[in-house]
Amino acid sequence: MTDVLPDYTNLKQLIFRRLEERYDSLIDQFQSSNHDLKEYLVEDALRDQNLCVSTTRLVFDLMNFRKNSRVPAKLILLGYVTITNDSISLNGDLKSAFRGKGIDYKALPAMKIGRLCVDDRYKKRHIGKLILLYCIRKAVYLNQNAACRFITLDAKRNPQPDTDSLHFYRRYGFDVLPHKDKNKDELMKQQTGETPMYMDIYHIAKKALKLKDVD
Ligand SMILES: CC(C)(COP(=O)(O)OP(=O)(O)OC[C@H]1O[C@@H](n2cnc3c(N)ncnc32)[C@H](O)[C@@H]1OP(=O)(O)O)[C@@H](O)C(=O)NCCC(=O)NCCS
């Protein structure tokens, strides 16, 4: 099955659908070595969505979705992303950097990528990268309606660099969010747990006024 799927180069090759009960059988078959991320999708994502705490989008291959959308059992679930709203408290260096830009608030609005996971069988096909691109578009669109300055997330850490998601996010412009008790270098060295990261979308948002929503 994996051989029929391409390497993804364009967001248009993917389709994002809001989580619904009718996708339950696909969700049961979703494979991730990260048990928390599989468990969240199976047990909590729909409940959180119904409680207006977060929304989850399931990610499909467009061609496979067109052929099989009436028969969910035949769909290939490539990954998922859970999004919610957030804010960043401006402390230390970040506070002075923003004060220098004429922004003197205690906190600024953000969109948070609460969970992002690609099925183990479909990793390394640029699906994760395109899901991130989708999230950036969502944040820019959100900014047009209710201001949003940052994207935030908690990167899952792993002692092995190729499965340490911090390096994946750094590749695409996310930076470690300094904490009042721990500086950036200490947070980078961490090998387990989660490291808060952020991306300032100001320049992207300025270039992309009047963007249409992605789905
Ligand atoms: C992290 C994750 C989302 C990446 O998804 P993916 O679809 O396998 O990654 P992509 O194919 O889009 O990777 C894009 C590029 O980043 C690289 N990359 C992927 N993971 C990387 C990592 N951990 N460190 C450095 N680079 C990485 C890829 O090699 C690829 O490079 P290339 O363009 O030179 O070929 C996926 O591995 C995953 O779901 N991991 C488990 C859950 C997790 O950690 N989620 C994030 C925390 S919430």
Side-chain angles (χ1 to χ4, degrees), residues 1-17 19 23 26-45 48-49 53-65 75-86 88 110-139 150-177 184 187-199 214:
M1 185 66 88
T2 55
D3 294 341
V4 301
L5 294 173
D7 182 26
Y8 293 87
T9 53
N10 193 313
L11 203 49
K12 289 182 179 152
Q13 292 168 279
L14 298 176
I15 192 154
F16 292 77
R17 283 289 175 264
L19 178 60
Y23 298 123
L26 290 178
I27 287 167
D28 283 340
Q29 288 159 35
F30 188 78
Q31 289 183 20
S32 176
S33 50
N34 187 312
H35 301 296
D36 289 349
L37 289 170
K38 158 95 192 192
E39 196 176 279
Y40 179 78
L41 182 61
V42 173
E43 292 182 11
D44 300 322
D48 282 355
Q49 187 169 275
V53 170
S54 59
T55 59
T56 293
R57 291 286 193 287
L58 303 179
V59 185
F60 300 100
D61 172 272
L62 177 71
M63 301 313 260
N64 169 260
F65 192 85
L75 290 173
I76 302 169
L77 177 58
L78 302 175
Y80 80 90
V81 60
T82 299
I83 295 173
T84 190
N85 283 302
D86 197 13
I88 287 189
M111 185 192 93
K112 180 164 188 166
I113 301 176
R115 308 264 184 322
L116 191 167
C117 189
V118 174
D119 184 304
D120 286 344
R121 292 165 292 181
Y122 311 123
K123 280 181 177 174
K124 307 270 167 178
R125 286 170 187 265
H126 295 109
I127 296 166
K129 172 184 168 180
L130 290 175
I131 298 176
L132 264 188
L133 186 60
Y134 169 88
C135 292
I136 294 169
R137 287 190 62 126
K138 275 275 173 217
F150 303 107
I151 301 177
T152 58
L153 54 87
D154 297 318
K156 301 225 178 286
R157 306 302 305 273
N158 196 299
Q160 278 179 299
D162 62 336
T163 47
D164 182 350
S165 71
L166 177 123
H167 301 299
F168 170 74
Y169 291 120
R170 274 172 60 86
R171 232 182 140 109
Y172 297 109
F174 283 81
D175 202 355
V176 169
L177 183 63
K184 205 167 129 181
L187 289 163
M188 290 267 290
K189 280 186 197 139
Q190 191 184 318
Q191 291 201 325
T192 55
E194 293 178 342
T195 300
M197 299 185 83
Y198 76 110
M199 175 195 268
V214 247

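Counting starts at 1 for both ligands and their atoms, following the listed order. Values in this document were obtained by computation on a predicted structure and should not be read as measured data.
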Query raised in the report: With distance as the sole criterion, is a donor-acceptor pair present between the side chains of Arg157 and Thr195 under 3.5 Å?
Result: yes
Query - Check: Ser54/Tyr40 side-chain N/O donor and acceptor closer than 3.5 Å - result: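 There is such a pair (donor and acceptor under 3.5 Å, judged by atom type) between the side chains of Ser54 and Tyr40.
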Considering only the protein, which heavy-atom contact is closest to [atom], and what is its distance?
| atom | value |
| --- | --- |
| atom 29 (O) of ligand 1 | Lys124 NZ, 3.9 Å |
| atom 44 (O) of ligand 1 | Ser165 CB, 3.6 Å |
| atom 22 (C) of ligand 1 | Asp162 O, 3.6 Å |
| atom 37 (O) of ligand 1 | Lys123 CE, 3.3 Å |
| atom 21 (C) of ligand 1 | Phe168 CB, 3.7 Å |

Before accepting this row, confirm whether a basic side-chain N of the pair [X]/[Y] lies closer than 4.0 Å to the acidic partner's carboxylate O.
| X | Y | result |
| --- | --- | --- |
| Asp7 | Arg125 | no |
| Asp175 | Lys184 | yes |
| Asp36 | Arg115 | no |

Compute the shortest N/O to N/O distance between [X] and ligand 1 and return yes if it is under 3.5 Å, no if not.
| X | result |
| --- | --- |
| Leu116 | yes |
| Ser32 | no |
| His126 | yes |
| His167 | no |
| Lys129 | yes |
| Val118 | yes |
| Asp164 | yes |

Requested in this report: Ignoring hydrogens, tell whether any protein atom lies closer than 4.0 Å to atom 42 (C) of ligand 1; use the non-hydrogen atoms only.
Outcome: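 Within 4.0 Å: yes, protein heavy atom nearby.
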Report task. Could you pull out, from Lys156, Glu194, Arg171, the option with a heavy atom nearest to atom 32 (P) of ligand 1? Result ->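 Considering heavy atoms of Lys156, Glu194, Arg171, the nearest to atom 32 (P) of ligand 1 sits in Arg171.
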Below a 4.0 angstrom heavy-atom separation, can you tell me which part of [X], side chain or backbone, both or neither, approaches ligand 1?
| X | result |
| --- | --- |
| Tyr172 | side chain |
| Tyr169 | side chain |
| Arg125 | backbone |

[atom1]-[atom2] distance between [X] and [Y], expressed to the nearest 0.5 angstrom:
| X | Y | atom1 | atom2 | value |
| --- | --- | --- | --- | --- |
| Lys112 | Tyr198 | NZ | OH | 15.5 Å |
| Leu62 | Leu14 | CG | CG | 8.0 Å |
| Leu75 | Ile15 | CG | CD1 | 10.0 Å |

Query raised in the report: Looking only at heavy atoms, what is the nearest atom pair of Met197 and Phe174, with distance?
Result: CE-O, 3.8 Å
Query raised in the report: Which heavy atom in Met111 sits nearest to a heavy atom in Cys135, and how many Å separate them?
Result: CE-O, 3.3 Å
Only heavy atoms of [X], strictly under 4.0 Å: list the atoms of ligand 1 that pass.
| X | value |
| --- | --- |
| Cys117 | 39 (O) |
| Gly128 | 5 (O), 6 (P), 7 (O), 12 (O) |
| Leu37 | 42 (C), 43 (C), 45 (N) |

Requested in this report: May I ask you to establish whether Arg57 and Phe16 are in a cation-pi arrangement, using a distance under 6.0 Å from NZ or CZ to the six-membered ring centre and at most 45° from the ring axis?
Outcome: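 Arg57 over Phe16 ring: no.
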Report task. May I ask whether Pro161 places a heavy atom under 4.0 Å from ligand 1? Result -> yes
Query - Of Asp48, Thr82, Thr84, the residue whose pairing with Thr56 passes side chain to side chain donor-acceptor pair (under 3.5 Å) - result: Thr82
Query raised in the report: Which class fits the ring pair Tyr80 and Phe30: parallel under 30°, tilted 30 to 60°, perpendicular over 60°?
Result: perpendicular
